[in-house]
Asker: 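Got a structure here, written out as structure tokens. Questions coming.
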Amino acid sequence: MTTFPGGTSLSFLDVYSDPAPDGICGGSPHLHTASTECYVAIGGRGQIHTLTSDGYRETELDEGRIAWFTPGTIHRAVNVDRARFIVLMSNAGLPEAGDAVMTFPAAYLTDSGRYREAAALPSGGSDEQLAAAASRRRDLAVEGYLPIRDALIAGDDRPLGEFREAAARIVADRVGSWTPIVERGPLARAQNTLDVLSRIASGDASHLAEAAVSPVLAPSPGFGMCGRLRAFDVAAF
């Protein structure tokens, strides 16, 4: 078993509590180009601010509530009071491979190298250095996000469309390496289920003898786009 059911990934998320330049405490606004993401609120109180072609929306998330968003949704996790989420992500392995693009100002979106340099956290940095770098890139993402949001509120969706097009250009050179991730993850899980159904229909229950329990997994801490992550390494890609 290389992934959670359906080829998903799972992480715990403590949303950043330091304020961005606009005074809102939270993470880096970004979108996913190919993956759907789900937040399950497990403690505190938070919000998800989203930008889609339908407009700007603020969704309250307190314990027991969930929200999910499909590819192309710009989303920003907001910490109102010690917000804690479980994050479920489709296509385990794609976000780690660069599926997400943050809303940096336009000058950072014309060249994929410049974007990735601004998005990267220092390798081998101390906890304090990583935290400072995560705050800097969050602030840069908010700087580019606010004009898109304000234009959308005013009825102008052109900046949103322009950012989506730029995001697709930034990831275009990586898409070739994503196909095997999907084939070995969610596609393989779905095909396995279809094979099982076929076997059951033919009277073959031998797959039930292959039942197994996964080992107990411990999460690895790190700095994500939206907060402090404790991610489970369940995708062997």
Side-chain angles (χ1 to χ4, degrees), residues 1-18 25-48 59 61-69 71 73 75-102 119-138 141 177-178 180-182 184-186 188-189 211-237:
M1 291 179 285
T2 58
T3 66
F4 280 107
T8 63
S9 64
L10 181 149
S11 302
F12 290 107
L13 171 66
D14 297 326
V15 183
Y16 290 132
S17 57
D18 60 311
C25 299
S28 306
H30 64 283
L31 61 71
H32 294 277
T33 58
S35 300
T36 292
E37 187 173 11
C38 175
Y39 283 173
V40 182
I42 59 173
R45 179 172 167 240
Q47 297 176 337
I48 302 298
T59 301
L61 276 183
D62 49 20
E63 187 173 353
R65 299 191 68 185
I66 68 172
W68 68 87
F69 20 90
T73 302
H75 52 283
R76 181 187 190 185
V78 173
N79 190 344
V80 178
D81 181 19
R82 294 173 292 180
R84 297 172 57 239
F85 301 149
I86 287 176
V87 179
L88 300 174
M89 180 71 68
S90 69
N91 303 322
L94 283 198
E96 296 81 358
D99 167 51
V101 179
M102 286 177 277
L121 297 179
S123 177
S126 66
D127 195 76
E128 292 77 12
Q129 290 172 326
L130 291 171
S135 290
R136 285 194 297 271
R137 75 175 182 184
R138 186 275 312 274
S177 65
W178 293 358
I181 293 175
V182 175
R184 293 194 296 263
R189 302 285 74 73
V213 178
S214 67
V216 175
L217 299 173
S220 300
F223 290 84
M225 293 185 183
C226 291
R228 296 294 298 261
L229 283 177
R230 286 171 290 145
F232 291 88
D233 182 13
V234 296
F237 298 122

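Since the structure is predicted, the reported quantities are computational estimates derived from the model, not experimental observations. Just the heavy atoms: all of them, side chains too, but no hydrogens, waters or symmetry mates, feed the values below.
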Asker: Keeping Asn91 on the side-chain end and Ala34 on the backbone end, is there a donor-acceptor pair under 3.5 Å?
Answerer: yes
Asker: Taking all heavy atoms of Asn79 and all of Asp81, pick out the closest pair and write down the distance.
Answerer: OD1-N, 3.3 Å
Asker: Are the side chains of Phe69 and Leu31 in contact, using a 4.5 Å heavy-atom criterion?
Answerer: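 No; the side chains remain at least 4.5 Å from each other.
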Asker: Using modelled atom types and a 3.5 Å cut-off, is there a donor and acceptor pairing between side-chain atoms of Ser11 and backbone atoms of Val87?
Answerer: no
Asker: Do the side chains of Pro71 and Thr36 get nearer than 4.5 Å, heavy atoms only?
Answerer: yes
Asker: Can you list the residues that meet the ring pair (Phe, Tyr, Trp, His ring centres under 6.0 Å) rule with Phe12, with sequence neighbours excluded?
Answerer: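 Ring pair (Phe, Tyr, Trp, His ring centres under 6.0 Å) list for Phe12, sorted by chain: Phe232.
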Asker: Looking at Arg82 and Asp14, is any side-chain nitrogen of the basic one under 4.0 Å from a carboxylate oxygen of the acidic one?
Answerer: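 Judged by the 4.0 Å cut-off on N to carboxylate O distance, Asp14 and Arg82 do not form a salt bridge.
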Asker: Is Arg228 positioned over the aromatic face of Tyr16, cation under 6.0 angstrom from the ring centre and no more than 45 degrees off axis?
Answerer: no
Asker: Of all heavy-atom pairs between Arg137 and Leu121, which one has the smallest distance, and what is that distance?
Answerer: NH1-CG, 3.7 Å
Asker: Out of curiosity, His30 NE2 to Glu37 CD, how far, rounded to the nearest 0.5 Å?
Answerer: 5.0 Å
Asker: When you check the side-chain N and O atoms of Asp99 and Thr33, is any donor under 3.5 Å from an acceptor?
Answerer: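 Thr33 and Asp99 do have a side-chain donor-acceptor pair below 3.5 Å.
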Asker: For Gly26, is there any backbone N or O sitting under 3.5 Å from a side-chain donor or acceptor partner on Arg138?
Answerer: yes
Asker: Decide yes or no for Tyr39 and Cys226: does some side-chain heavy atom of the first lie under 4.5 Å from some side-chain heavy atom of the second?
Answerer: yes
Asker: Considering all heavy atoms of both residues, which atom of Ser28 and which atom of Met102 are nearest to each other, and what is their separation?
Answerer: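 Looks like CB-SD, 3.7 Å.
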Asker: Please verify the inter-ring angle class for His32 with His75; under 30° counts as parallel, over 60° as perpendicular, anything in between as tilted.
Answerer: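 Rings of His32 and His75: parallel, under 30°.
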Asker: Thr59 side chain to Gln47 main-chain N or O, any donor-acceptor pair under 3.5 Å?
Answerer: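 Flag not set: sc Thr59 to bb Gln47 has no pair under 3.5 Å.
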Asker: For Gln129 versus Gly125, what's the shortest heavy-atom pair and its separation?
Answerer: OE1-CA, 3.3 Å
Asker: Which of these, Thr73, Leu61, Val15, sits in a side chain to side chain contact (heavy atoms under 4.5 Å, CB included) with Ile48?
Answerer: Leu61
